[in-house]
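Below is one structure; the comments refer to it alone.
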Protein chains: 2
Amino acid sequence: MLKQTKRLSLVEQVAEQIESLISSGNWPVGSKIPAEPELMEQLQVSRNTLREAIRALTHAGLLKTRQGDGTYVSSSSALGPVLKKRILRSGWLETLEVRHALEKEAASLSAERRDEDDLERMAYCLEQSKIAILAGEADLYARWDVEFHQAIFASSRNGLLIELYDYISDSVQPILVDMFHDVPFHSFHDNHTQLLEAIRKQDSEMAVEMVQQYIRETQEHFKNQNITGGHKQHGEDEFLNQIRT
Amino acid sequence: MLKQTKRLSLVEQVAEQIESLISSGNWPVGSKIPAEPELMEQLQVSRNTLREAIRALTHAGLLKTRQGDGTYVSSSSALGPVLKKRILRSGWLETLEVRHALEKEAASLSAERRDEDDLERMAYCLEQSKIAILAGEADLYARWDVEFHQAIFASSRNGLLIELYDYISDSVQPILVDMFHDVPFHSFHDNHTQLLEAIRKQDSEMAVEMVQQYIRETQEHFKNQNITGGHKQHGEDEFLNQIRT
DNA sequence: GGAAATTTGTACGTATGTATT
DNA sequence: CAATACATACGTACAAATTTC
């Protein structure tokens with residue numbers, strides 16, 4: 001029943017062009033795109049056609065328009081916004097379980113594929129987090145903890161895995177930052193040090209075991225806190241969402 | 001500080017309404033939605049406003065319009081189409097690695113949470129696949145194999161996990177069906193039988209081990225076939241990295 | 001407060017593809 | 001096959017709301 005249209009509609013062509021301008025970096029995230037009259041001239045289309053294209057990308061989460069001001073790039077990929085919207089309908093536990101699945105895979109792949117630069121990057125992140133611990137700065141520690149995990153994912157050499165983790169990780173970041181206030185930092189730091197060592201020795205099984213260890217600690221925290229709800233607490237502030245994601 | 005922009009744009013309101021009609025099942029997948037004039041009347045908006053809303057949902061993959069015919073519902077969720085589009089840019093190996101990450105998690109969770117109905121369903125799927133093997137029907141076996149895995153995911157009780165698997169699984173289905181022609185079925189069937197047994201005994205570690213076993217067989221097949229991966233050239237890099245192990 | 005810039009919403013006309021008579 | 005009706009595609013023009021300076 002489904003037939004493939006040989007020719008894309010004009011609106012889709014325009015949307016494709018704009019999308020490629022965004023993904024290529026010509027229109028960076030946060031930048032203001034040209035006004036309607038100018039784009040009409042450059043793309044040689046009518047206002048209605050241009051508006052439908054922009055509306056499509058706005059709905060997809062790539063653009064944000066502010067009446068009386070202009071239209072701004074809010075994301076470089078359509079996957080992020082959609083995934084985040086879906087995650088809002090899930091409970092914290094569901095989201096964390098998916099995140100953990102990705103973390104175990106990344107640790108395993110990292111142990112196989114990491115190079116010296118990767119190891120150096122991970123070690124640097126751990127050093128910085130150690131400094132943050134000694135200074136007692138929870139926020140700073142959380143930031144370097146995230147960087148550490150992202151370094152592991154980067155060394156997995158799997159772009160899809162990296163991207164999925166980024167979006168899911170963003171959505172559960174608040175709850176994890178909150179957790180850092182109740183759980184002793186050094187426990188995670190010791191674990192992460194062993195995780196790095198396993199990756200350095202290319203011991204996939206040990207790396208996965210280390211990931212599972214801090215996952216268990218995270219889950220213990222959830223049980224103690226008796227958190228059962230969804231993401232709603234952090235979902236209502238979507239209105240004052242900045243231009244940048 | 002009265003900051004909140006109280007109202008969504010008219011177009012977004014219309015899009016929301018249509019989206020909820022789709023996700024609620026009032027407009028099932030494959031059905032034809034009312035024509036523009038009728039929707040204009042029902043929603044009390046102008047034609048352009050309605051068209052922008054429909055265009056947004058069309059771009060998101062929820063609707064498909066055919067000039068001269070009408071507009072049809074093509075998906076009940078926005079996540080599926082976007083994820084599939086993203087996967088097209090990845091290599092087969094990348095996609096399979098993510099899929100495997102989800103499968104391991106699902107097997108582990110299933111071992112913890114499955115009930116008797118779940119076990120019954122899984123056992124039934126295995127029986128049917130056994131029948132397909134004896135009849136020598138590869139397509140039929142592939143279908144029941146998919147059903148078996150979906151039964152495992154269903155018993156993970158994690159809606160996000162289930163949804164992600166569905167979309168990713170769809171995208172790699174062709175390559176897996178192809179693989180069934182070269183790999184002895186009974187090897188997978190024996191493995192799956194043990195996997196079911198592990199889930200029945202609520203032995204998470206054994207369940208994960210069984211998943212990893214058939215993953216290894218799948219990867220062996222890829223090495224032998226010298227498949228360079230996906231629709232993109234860069235997929236070859238990931239494959240070569242995988243070869244090194 | 002006012003003027004300019006920008007997006008929003010509406011109305012109408014024409015063209016083109018599809019199905020039906 | 002031709003004619004007709006219907007549905008979507010694309011274009012122009014005008015008025016309104018919002019933000020910035």
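Remember, predicted model here, so these are calculated numbers, not experimental data. Proteins get letters first, then strands, A, B, ... in listed order; numbering begins at 1 in each.
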Which whole-number value in Å describes the distance from [X] [atom1] to [N] [atom2]?
X      : N       : atom1 : atom2 : value
K64(A) : dT6(C)  : NZ    : C1'   : 18 Å
M40(B) : dT10(C) : CE    : P     : 9 Å
L50(B) : dA11(C) : CG    : P     : 13 Å
Q67(A) : dT7(C)  : CD    : C1'   : 5 Å
L8(B)  : dG9(C)  : CG    : C1'   : 16 Å
L43(B) : dG9(C)  : CG    : C1'   : 15 Å
R55(A) : dT10(C) : CZ    : P     : 11 Å
I54(A) : dT6(C)  : CD1   : P     : 13 Å

Checklist entry - With a 4.0 Å cut-off, would you call R157(A) and D118(A) a salt bridge? => result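 Looking at R157(A) and D118(A), the cut-off is met.
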Below the 4.0 Å mark, does [N] have OP1 or OP2 next to a side-chain nitrogen or oxygen of [X]?
X      : N       : answer
T49(B) : dT10(C) : yes
R51(B) : dA9(D)  : yes
R66(A) : dT20(D) : yes
T65(A) : dT6(C)  : no
T71(A) : dT7(C)  : yes
R47(B) : dG11(D) : no

Could you please name the option among [options] that lies closest to any side-chain atom of [X]?
X      : options                  : value
P37(B) : dC10(D), dT8(D), dG9(C)  : dT8(D)
S46(A) : dC10(D), dA17(D), dG9(C) : dC10(D)
E36(A) : dA7(D), dT8(C), dA11(C)  : dT8(C)

Item to check | Side chain N48(A) and base dT12(D) donor-acceptor under 3.5 Å | outcome: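 Per atom types, the contact qualifies.
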Next on the checklist: Nearest 0.5 angstrom please: R47(B) CZ to I54(B) CD1, how far?
Outcome noted: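 These two atoms lie 9.5 Å from each other.
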Next on the checklist: Using 0.5 Å steps for rounding, measure from the NE2 atom of H59(A) to the NE2 atom of H59(B).
Outcome noted: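 With rounding to 0.5 Å, NE2 (H59(A)) is 10.0 Å from NE2 (H59(B)).
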Next on the checklist: Is the ring pair F153(A)/Y165(A) parallel, tilted or perpendicular, if the boundaries are 30 and 60 degrees?
Outcome noted: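 Parallel.
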Next on the checklist: Closer than 3.5 angstrom, by distance alone: can the side chain of S90(B) be matched with the main-chain N or O of G159(A) as a donor-acceptor pair?
Outcome noted: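 Judged by distance alone, no pair lies under 3.5 Å.
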Next on the checklist: If you assign G68(A) and V11(A) each to the DNA chain D nucleotide with the nearest heavy atom, which residue ends up on the more 5' nucleotide?
Outcome noted: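 Going by which nucleotide is closer to the 5' end, it is V11(A).
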